[in-house]
Amino acid sequence: MRNEKGSLIRPVPLPGSASRPVVTPLSPSVVYASDTPDMLDGQYEGKLHGYTYSREGHPNADVVAGLLDRMENAPNPGVVTSSGMAAVSAVLLGLLKSGDHVIGGNQLYGRSLRMMAEDLPRLGIETTLADPGDVDAVRAALRPETRMILVEVVSNPTLRVADMKGLAKLAKEAGVLLVVDNTFTTPRAYQPFEHGADIVIHSVTKLLAGHSDVMLGYVAARDAAINTRLRVFTVTAGMTPSPFDCWLAERGMLSFDLRFERCQTTAMKLADALAGFSGVKRVIYPARTDHPDHARAADLLQGRWCNMVSFELDGGRDAANAFTTAAEGLSFAPTLGDVGTTLSHPASSSHRALTAERRASLGMSEGFFRVSVGLEDPDALVAIFERAVAAAVKG
Ligand SMILES: Cc1ncc(COP(=O)(O)O)c(C=O)c1O
């Protein structure tokens with residue numbers, strides 16, 4: 001169709017093709033046109049499948065959610081959100097009300113902790129933090145108003161492993177929702193729905209998407225009504241991700257299984273190598289028999305572990321500075337799950353707001369690092385760490 005000046009205006013017809021694209025097309029359209037009011041009615045009433053307005057849903061979001069549903073064996077179709085924190089927020093803000101109480105793992109991701117400490121109390125929702133590795137401590141925190149328990153399977157950055165079997169049993173007995181943030185473990189190592197979780201959350205931003213170029217989250221619930229409430233809340237609150245972000249996430253997720261296997265094999269090799277370097281005080285990796293929760297991790301993760309390794313250098317902040325300066329080729333950046341190995345130093349980043357005493361009680365000294373292992377050649381990666389630890393020891 002042409003306007004008076006002859007320039008093209010909508011609708012521009014799409015070229016037809018007897019063949020179909022191999023790659024999911026990117027659909028950036030914010031709005032979708034219907035042929036008739038009856039057809040639009042049919043869509044709103046759920047009699048016809050179709051899109052209307054992209055905050056309500058779009059093809060790229062549905063493709064990514066469908067992939068995640070399959071990976072997690074989700075009982076109901078989950079929804080993708082504009083970040084992992086949007087997924088956490090959808091659960092906490094979309095399901096809880098004033099007067100409710102929620103128990104959170106005491107080593108949740110920092111922003112989740114912040115929401116528990118600051119935002120929920122402001123809305124009249126009470127919170128208690130407890131060690132998810134200690135079911136008795138979680139049981140002791142239960143109240144008649146408790147509605148949910150929110151935990152991560154492997155804690156960040158100390159890589160402690162929650163007692164998922166005990167928590168699932170407790171949540172069921174107490175009639176509260178067990179919400180599992182499965183970001184660190186990923187569905188390749190652990191599928192929470194198979195083990196009693198009621199809601200599963202992901203920061204897809206991390207290893208699932210895997211390239212540090214997209215922020216995305218995911219949430220799905222076992223109960224159909226709760227699942228619908230979550231979907232509706234994410235739409236109302238404007239948490240729907242952009243089509244391009246979904247498109248990037250899908251592209252990353254297609255190689256997730258391969259990346260996971262490679263990263264965790266290298267992580268194991270790196271952990272063992274670090275344990276033999278002089279100047280390394282301790283190494284934390286759940287596959288190692290010296291990990292405090294090794295037996296539980298072996299039972300839960302069935303040999304799949306994770307791509308995260310934490311370790312502690314002798315020598316405090318000076319050694320930490322020397323180490324990062326010498327760790328050439330590695331990004332010193334507070335993220336995880338990238339194709340490249342990244343280093344995080346909790347005392348100067350994610351846990352800087354805590355007092356030194358509190359950090360020490362969690363086992364995080366100035367020499368503590370968390371490593372997100374990437375796809376580098378394993379021997380070359382170990383060699384970089386060996387040189388950097390030697391530089392830290394020299395000071
Ligand atoms: C375990 C965990 N959950 C949630 C989040 C939040 O995800 P996002 O950064 O995509 O908002 C993160 C971020 O690092 C995380 O590590």
Side-chain angles (χ1 to χ4, degrees), residues 61 64-65 68 72 78-94 102 104-117 119 129 132 148-162 164 179-190 192 197 199-220 230 234 237-242 245-246 248-249 252-253 256 260 263 286 301 306-310 331 333-338 342-346 349-353 362 364 370-374:
V64 175
L68 287 156
E72 282 294 6
V79 62
V80 285
T81 54
S82 51
S83 67
M85 272 318 293
V88 172
S89 304
V91 171
L92 296 175
L93 303 176
V102 55
N106 59 357
Q107 288 194 42
L108 288 174
Y109 172 62
R111 287 278 161 189
S112 302
L113 280 179
R114 199 177 170 122
M115 179 158 286
M116 301 271 298
D119 298 287
L129 299 180
M148 65 173 67
I149 301 171
L150 167 63
V151 292
E152 293 166 19
V153 185
V154 173
S155 73
N156 174 22
T158 52
L159 312 185
R160 296 300 303 259
V161 182
M164 297 309 297
V179 183
V180 179
D181 180 335
N182 202 26
T183 302
F184 261 51
T185 13
T186 82
R188 190 132 178 98
Y190 187 72
I199 298 180
V200 173
I201 292 172
H202 274 286
S203 168
V204 181
T205 313
K206 310 301 177 193
L207 197 60
L208 283 167
H211 293 69
S212 292
D213 52 10
V214 56
M215 301 223 64
L216 211 85
Y218 166 83
V219 60
L230 286 169
T234 62
M239 295 172 165
T240 313
S242 84
D245 284 352
C246 294
L248 280 175
M253 283 167 59
F256 164 71
F260 179 91
C263 292
L301 307 180
C306 63
N307 77 316
M308 307 299 292
V309 180
S310 292
S331 300
T335 187
L336 60 119
D338 185 44
T342 51
L343 289 173
S344 142
H345 180 246
S349 56
S350 53
H351 292 69
R352 60 175 300 122
L362 294 171
M364 275 174 259
R370 185 197 74 185
V371 186
S372 166
V373 175

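First listed ligand is number 1; within each ligand, the first listed atom is number 1. Since the model is a prediction, treat every value here as computed from it, not as a measurement.
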Fill in the blank from the handout: Counting from 1 in the order shown, the ligand 1 atoms closer than 4.0 Å to a non-hydrogen atom of Tyr109 are 2 (C), 3 (N), 4 (C), 5 (C), 6 (C), 12 (C), 13 (C), 14 (O), 15 (C), 16 (O)
Problem - Ser112 N/O under 3.5 Å from ligand 1 N/O - result: no
Fill in the blank from the handout: When distances are taken from atom 3 (N) of ligand 1, the protein heavy atom at minimum range is Asp181 OD2, 2.6 Å
Exercise for the section: Please state whether Val88 comes within less than 4.0 angstrom of ligand 1, counting heavy atoms only. Expected result: no
Practice task
Would you check whether Arg111 reaches within less than 4.0 Å of ligand 1, judged by its heavy atoms?
Solution key: no
Completion exercise
One should read off an interatomic distance between Thr183 OG1 and Leu207 CG, to the nearest 0.5 angstrom, of 10.0 Å
Handout entry: Which residue and heavy atom of the protein sit nearest atom 7 (O) of ligand 1, plus the separation
Key = Ser203 OG, 3.0 Å
Exercise for the section: Write out the residue and atom name of the closest protein heavy atom to atom 14 (O) of ligand 1, then the distance separating them to 0.1 Å. Expected result: Lys206 CE, 3.0 Å
Problem - Top protein contact for atom 10 (O) of ligand 1, by heavy-atom distance - result: Thr205 OG1, 2.6 Å
Handout entry: Nearest non-hydrogen protein atom, atom 9 (O) of ligand 1
Key = Met215 CE, 3.4 Å
Problem - The single option from Arg370, Gln107, His351 passing side-chain hydrogen bond (donor to acceptor under 3.5 Å, both in side chains) against Asn156 - result: Arg370
Exercise for the section: Taking the side chain as every heavy atom from C-beta outward, state whether Leu68 and Val204 have any atom pair closer than 4.5 Å. Expected result: yes
Exercise for the section: Report yes if some N/O of Glu152 lies less than 3.5 Å from some N/O of ligand 1; otherwise report no. Expected result: no
Completion exercise
Between the CG atom in Leu93 and the CE atom in Met239, the distance rounded to the nearest 0.5 Å is 6.5 Å
